[in-house]
Amino acid sequence: MARSKINSASKDLIDDNGAVLISVVEGEQIHMDMTLNWLTSLSGYTVTAKVVEADMSGVASGSYPTVVKSGGQVTTLDLIDAVTTDNTFKIVIPENLIDSWATQPTPQSPTYGWIGVEVRDGGVGSAQQIWKPFRGLVEVLYSPSEEV
């Protein structure tokens, strides 16, 4: 078998299902179940989930943002994990996620943020492994019940 050129990306050794889109309605609070299939127990692991506000200036209706909001909000999401001896937990998308965001949704234009989950094992230094199994966009749609 012939060898391929070094810059020929023919196989990705680390893959995922791609980025996700989570669509929520303004003021909703939801729990998302997560299962880390490569683990059997979360004991000794640290799991973090965050949402970062997107810069919505210049984003046309029907398009997605491409820039993080400079000085924007970063929200660490609560995790619910009553049993650490399994590989499951829940991510809480809070009802007040976008309360401090610069851009609020309108009936025709949602607002967006980026979401990501990080999993760290108990190792130290170069012995530690860190995974990023989940990342994507949070789309927040307008809700008339949130009007004051």
Side-chain angles (χ1 to χ4, degrees), residues 1-60 62-105 109-143 146:
M1 174 194 304
R3 292 190 174 186
S4 53
K5 292 181 177 66
I6 196 165
N7 62 350
S8 172
S10 59
K11 184 174 186 177
D12 190 344
L13 297 179
I14 299 176
D15 63 351
D16 62 19
N17 293 328
V20 299
L21 175 64
I22 301 167
S23 186
V24 297
V25 176
E26 180 183 15
E28 260 184 335
Q29 179 161 296
I30 61 170
H31 296 180
M32 292 181 8
D33 293 320
M34 293 286 300
T35 300
L36 303 178
N37 290 329
W38 74 95
L39 298 174
T40 56
S41 171
L42 292 174
S43 296
Y45 290 84
T46 303
V47 180
T48 306
K50 292 185 180 186
V51 174
V52 177
E53 180 181 4
D55 187 344
M56 297 302 298
S57 61
V59 176
S63 298
Y64 296 122
T66 59
V67 179
V68 171
K69 174 78 175 157
S70 178
Q73 299 295 308
V74 177
T75 304
T76 300
L77 302 176
D78 289 335
L79 303 177
I80 299 172
D81 188 13
V83 180
T84 59
T85 56
D86 64 8
N87 60 348
T88 64
F89 58 94
K90 294 177 190 284
I91 298 172
V92 179
I93 306 287
E95 66 177 321
N96 62 350
L97 175 67
I98 66 165
D99 284 359
S100 300
W101 287 15
T103 304
Q104 297 296 304
S109 298
T111 192
Y112 292 91
W114 282 279
I115 187 169
V117 173
E118 177 180 279
V119 180
R120 293 176 174 261
D121 72 10
V124 177
S126 60
Q128 185 177 47
Q129 292 191 85
I130 304 168
W131 297 272
K132 309 271 183 156
F134 176 82
R135 59 191 164 60
L137 279 173
V138 174
E139 173 184 65
V140 183
L141 302 164
Y142 173 78
S143 173
E146 293 303 303

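Reckoned from all heavy atoms, side chains included, excluding hydrogens, waters and symmetry mates.
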Show the nearest heavy-atom pair for residues Val140 and Pro105, with the distance to one decimal.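 Residues Val140 and Pro105, closest heavy atoms: O-CB, 3.4 Å.
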
Atom [atom1] in [X], atom [atom2] in [Y]: separation rounded to 0.5 Å?
| X | Y | atom1 | atom2 | value |
| --- | --- | --- | --- | --- |
| Gln29 | Asn96 | CD | CG | 7.5 Å |
| Leu79 | Met32 | CG | CE | 10.5 Å |
| Glu95 | Glu28 | CD | CD | 10.5 Å |
| Met56 | Trp101 | CE | CH2 | 9.0 Å |
| His31 | Asp78 | NE2 | CG | 9.0 Å |

Which pairs would a plain distance check flag for residues 115-125, meaning a side-chain donor or acceptor within less than 3.5 Å of a matching protein atom at least two apart in sequence or in another chain?
| unit_1 | atom_1 | unit_2 | atom_2 | d |
| --- | --- | --- | --- | --- |
| Glu118 | OE1 | Lys132 | NZ | 2.8 |
| Glu118 | OE2 | Arg120 | NE | 2.7 |
| Arg120 | NH1 | Gln128 | OE1 | 3.3 |
| Asp121 | OD1 | Gly123 | N | 2.9 |
| Asp121 | OD1 | Gln129 | N | 3.1 |
| Asp121 | OD2 | Gln129 | N | 3.4 |

Show your reasoning for whether side chain to side chain contact (heavy atoms under 4.5 Å, CB included) applies to Val59 and Tyr112. CA-CA 10 Å; Val59 176; Tyr112 292 91; 5.7 Å; no

Taking C-beta and beyond as the side chain, do Leu137 and Trp114 meet within less than 4.5 Å on heavy atoms?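 Result yes, sub-4.5 Å side-chain heavy-atom pair found.
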
Between [X] (side chain only) and [Y] (backbone N and O only), is there a donor and an acceptor less than 3.5 Å apart?
| X | Y | result |
| --- | --- | --- |
| Asn87 | Leu39 | yes |
| Gln104 | Ile98 | yes |
| Thr111 | Thr103 | yes |
| Glu139 | Ser23 | no |

How are the rings of Trp131 and Trp38 set to each other: parallel, tilted or perpendicular (split at 30° and 60°)?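 Trp131 vs Trp38 ring planes: tilted.
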
Check Leu36, Thr35, Asp33, Val83 against Phe89 for a side-chain contact (heavy atoms from CB on, under 4.5 Å) and give me the one that passes.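 The passing option is Leu36.
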
Check the pair Ile22 / Val24 against side chain to side chain contact (heavy atoms under 4.5 Å, CB included), numbers first and verdict last. CA-CA 6 Å; Ile22 301 167; Val24 297; 4.0 Å; yes

